[in-house]
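Both backbone and side-chain heavy atoms feed into the values below; hydrogens, waters and symmetry mates do not.
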Amino acid sequence: MYSCIGLAFLLLLGCGVLQSDATVAEVLDQNNKTCIYAEMMVNFTVQYETSNSTLSTAEFVLPTNVTTAGSICGNKTVTPFLKISFGNGHYWSINFTHSNTSYHGDVFIFGYNVSDSTIFHNASQKGVIKVVANDTMPPVPMDHYYRCMSDDVFKQGNVTQTFWNVSIQAYIKDGNRSKNATVCSADTPTTVAPVTNITTIAPVTNVTTAAPTTTPKPTPTPKPDKETYKVSRGNDTCLIITMGLQLNYSTSAQAPWEVKNIDPNVTTASGTCGNDTSTITLNENNTIYLVFSFAKHSSKTFYLKGVNVTTIVNGSAQQLGINNNLSYWEATLGSSYMCNKDQVFKVTDKLFINTYDLRVQPFNVTNGEYSTGYFAFPVGLFKYKTCLCWNPQMNIPVCISQLQDIQRFYNFISVLKDALNKSCKSFTCIQTNCFEMNHNNNRNMRIAK
């Protein structure tokens, strides 16, 4: 016989992170030997205008399936040039310059094709738009490669490019890649010089011992306040999310972890809703921007696809973390995802988000209100409309249903009565249109009427 916890696992939707691999780009010379090698992970965020004069945001990654056509190994008169083409007309390129002893990246260009409707839905412009930036790669000794695992963020107008896990080498001789790395400053730990001149002081013998002091305990971060945020399309609400939101992040490998509660009193919401994707941006007092991107799995379910968190420090943008390959908060279209339990979700190795009393519906919102809360119920005994219920003592979500044949539900419950007797004592349905039924020693269960 299943335990109630085992049943809960059957009823819950599984979530996980779909981690993308680094993109590898390799340029070969006329002898089929490597002359430029690059390995990196890149996220692109582009704001663009739609045909109905509203702003939308496209977020996508540099895929692993790329080509290097148009790249140049370089010679005495021509500098090396790496061009990475991907998708439907998009590309990223960088050219290199050198001195007698070192080389570095000079200028890189990101070209994005707004005619690609799979990424830029309903864009008003057409064609390829170029963004040019000066590279920050330090001088790299010849026969070395450049490496930077930390995030490196470039923002030019409406475009943000975030690089990490970068390894790149130009001017490779005879196809032999170097094992010697020049590391970026963000990856270099800060060291303190040792003290060499020490004066020895004679010990003091007459010492008055003071009473020991008690080290104060750190004050725990309070639970964030819950708020409902909405996005509208015209006069209609098209996305709703309710939650208390907390960030746990570190800005570098050496920096301590910080905890930040999002304050709904100074937070505004904006966003866009499309047929297949929807986005909400939370702006806390123009200092922290959180972008949640939702997508559809075919025509059956929705899920949280991406999270992008940026903070503004002294007028400059600093990316705390971005990941557009998530798979959280999945539920059936036409319903809302809900979980009363406090949850922790990994965005990157340096950014986690904590949600409290979460409920979200990014598609098919009717009359500005949530539809029925949803958890999967893998039993095909009857037709039903889902009704999310939970055990307030054990906080285990359970889904029961509006039934055409109530007797079949009674029979199903009797099969699970041992599990219910052992672990599940009281269930309460979040809907109000419920009636009570007595089951096993006056334990109350409510189901949708």
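Of the possible polar contacts, none joining the Thr311 side chain to the Ile288 backbone as a donor-acceptor pair under 3.5 Å is found. The main-chain N or O of Thr242 is never found under 3.5 Å from a side-chain atom of Thr228 such that the two would form a donor-acceptor pair. A distance-only check finds no donor-acceptor pair linking the side chain of Lys130 to the backbone of Gly111 [under 3.5 Å]. A donor-acceptor pair under 3.5 Å is formed between the side chain of Lys296 and the backbone N or O of Asn275. For the pair Thr160 (side chain) and Thr45 (backbone), a donor-acceptor distance under 3.5 Å is absent. When atom types are taken as modelled, the side chain of Asn95 and the backbone of Val107 share a donor-acceptor pair closer than 3.5 angstrom. Side chain of Tyr370 to main chain of Arg359: a donor-acceptor pair is present (N/O by atom type, distance under 3.5 Å, no hydrogens or angles). Of the possible donor and acceptor atoms, one in the side chain of Arg233 sits under 3.5 Å from a partner among the backbone N and O of Cys273. Formation of a donor-acceptor pair under 3.5 Å by the Ser278 side chain with backbone atoms of Pro362 is found in this model. For Lys230 (side chain) and Gly368 (main-chain N/O), a donor-acceptor pair under 3.5 Å exists by modelled atom type.
Note that CZ of Phe60 is 13.0 Å distant from CG of Asn325, once rounded to the nearest 0.5 Å. For the atom pair Asn354 CG and Asn248 CG, the distance stands at 4.5 Å (nearest 0.5 Å). Between the CZ atom in Phe96 and the CZ atom in Phe108 there is a gap of 11.5 Å [rounded to 0.5 Å]. Put simply, OG1 on Thr332 and NZ on Lys300 are 9.5 Å apart, with the number rounded to the nearest 0.5 Å. The OG1 atom of Thr366 sits 7.0 Å away from the CD atom of Gln361 when rounded to the nearest 0.5 Å. The distance from atom OG of Ser335 to atom CG of Asn364, rounded to the nearest 0.5 Å, is 9.0 Å.
Side-chain atoms of Asp151 and Gln318 form no donor-acceptor pair, as typed in the model, at a separation below 3.5 Å. Between Glu258 and Tyr249, the side chains place a donor N or O and an acceptor N or O closer than 3.5 Å (distance only, hydrogens not considered). Checking Asn122 against Ser51 by side-chain atom types alone, a donor-acceptor pair falls below 3.5 Å. Looking at His90 and Asp116, their side chains do bring a donor and an acceptor atom within 3.5 Å of each other.
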Please test Met40 against Trp92 for side-chain contact (heavy atoms from CB on, under 4.5 Å), starting from the C-alpha separation and ending with a verdict.
CA-CA 12 Å; Met40 65 181 76; Trp92 184 91; 3.9 Å; yes

Between Val307 and Ile322, is a side-chain contact (heavy atoms from CB on, under 4.5 Å) present by the stated rule, with each step listed?
CA-CA 6 Å; Val307 173; Ile322 181 172; over 6 Å; no

Set out, in order, the CA-CA distance, both residues' side-chain angles and the distance that settles side-chain contact (heavy atoms from CB on, under 4.5 Å) for Asn43 and Gln319, then state yes or no.
CA-CA 11 Å; Asn43 275 101; Gln319 193 132 46; over 6 Å; no

side-chain contact (heavy atoms from CB on, under 4.5 Å) between Phe44 and Ile119: does it pass, once the steps are laid out?
CA-CA 11 Å; Phe44 303 103; Ile119 295 178; over 6 Å; no

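By the 4.5 Å heavy-atom criterion applied to side chains, Tyr229 and Phe292 are not counted as neighbours. You'll find the side chain of Val42 stays beyond 4.5 Å of the side chain of Thr23, heavy atoms only. Side chains of Ile109 and Tyr91 form a contact here, defined as non-hydrogen atoms less than 4.5 Å apart. Residues Thr301 and Leu333 form no side-chain contact, since every pair of their non-hydrogen atoms from C-beta on lies 4.5 Å or further apart. Considering only heavy atoms from C-beta on, Leu245 comes within 4.5 Å of Leu282 through its side chain. Residues Gln156 and Gln161 are in side-chain contact: their nearest non-hydrogen atoms beyond the backbone lie under 4.5 Å apart. Using a 4.5 Å heavy-atom threshold, the side chains of Thr267 and Glu227 count as separate. Contact check for Ser71 versus Leu82: side-chain heavy atoms found under the 4.5 Å cut-off.
Shown here for Ser178 and Gln169, the closest heavy-atom pair between the two residues is N-OE1, 3.0 Å. The two atoms that bring Cys73 and Ile36 nearest to each other are CA-CD1, 4.5 Å, heavy atoms only. Nearest heavy-atom pair, Ala22 versus Met41, reported as atom, atom and distance to 0.1 Å: CA-CG, 3.6 Å. Taking all atoms of both residues into account, the shortest heavy-atom contact from Met149 to Ser167 is CE-OG, 4.2 Å. Residues Gly105 and Ile94 approach most closely at CA-CD1, 4.0 Å, considering heavy atoms. Of all non-hydrogen atoms in Thr50 and Ser124, the two that sit nearest each other are O-CB, 3.5 Å.
Centroid-to-centroid, the aromatic rings of Tyr328 and Tyr337 stay 6.0 Å apart or farther. Aromatic rings of Phe120 and Tyr112 (six-membered ring for Trp) have centroids within the 6.0 Å cut-off, being under it.
The side chain to side chain contact (heavy atoms under 4.5 Å, CB included) test with Val347 singles out one residue from Val309, Ile353, Leu320, and that residue is Ile353.
Taking the six-membered ring where the residue is Trp, Phe163 and Phe154 present perpendicular rings, their angle passing 60° and hence far from 30°. Ring geometry, Phe302 versus Phe294: the interplanar angle exceeds 60°, so the pair is classed perpendicular (tilted spans 30 to 60°).
Shown here is Lys155, whose NZ atom has more than 12 heavy atoms of other residues, nucleotides or ligands within 6.0 Å. Residue Asn52 places its CG atom among more than 12 non-hydrogen atoms of other residues, nucleotides or ligands, all under 6.0 Å distant. Atom NZ of Lys126 sits in a crowded spot, with more than 12 heavy atoms from other residues, nucleotides or ligands closer than 6.0 Å. When the shell of 6.0 Å around CD of Gln125 is examined, it contains 12 or fewer heavy atoms from other residues, nucleotides or ligands.
Pairs of residues two or more places apart, or lying in two chains, that qualify as side-chain hydrogen bond (donor to acceptor under 3.5 Å, both in side chains) and include a residue from residues 281-293 are Glu59-Ser293, Lys260-Glu284, Asn283-Asn286, Asn286-Tyr289.
Thr79 meets the side chain to side chain donor-acceptor pair (under 3.5 Å) test with no other residue; sequence neighbours excluded.
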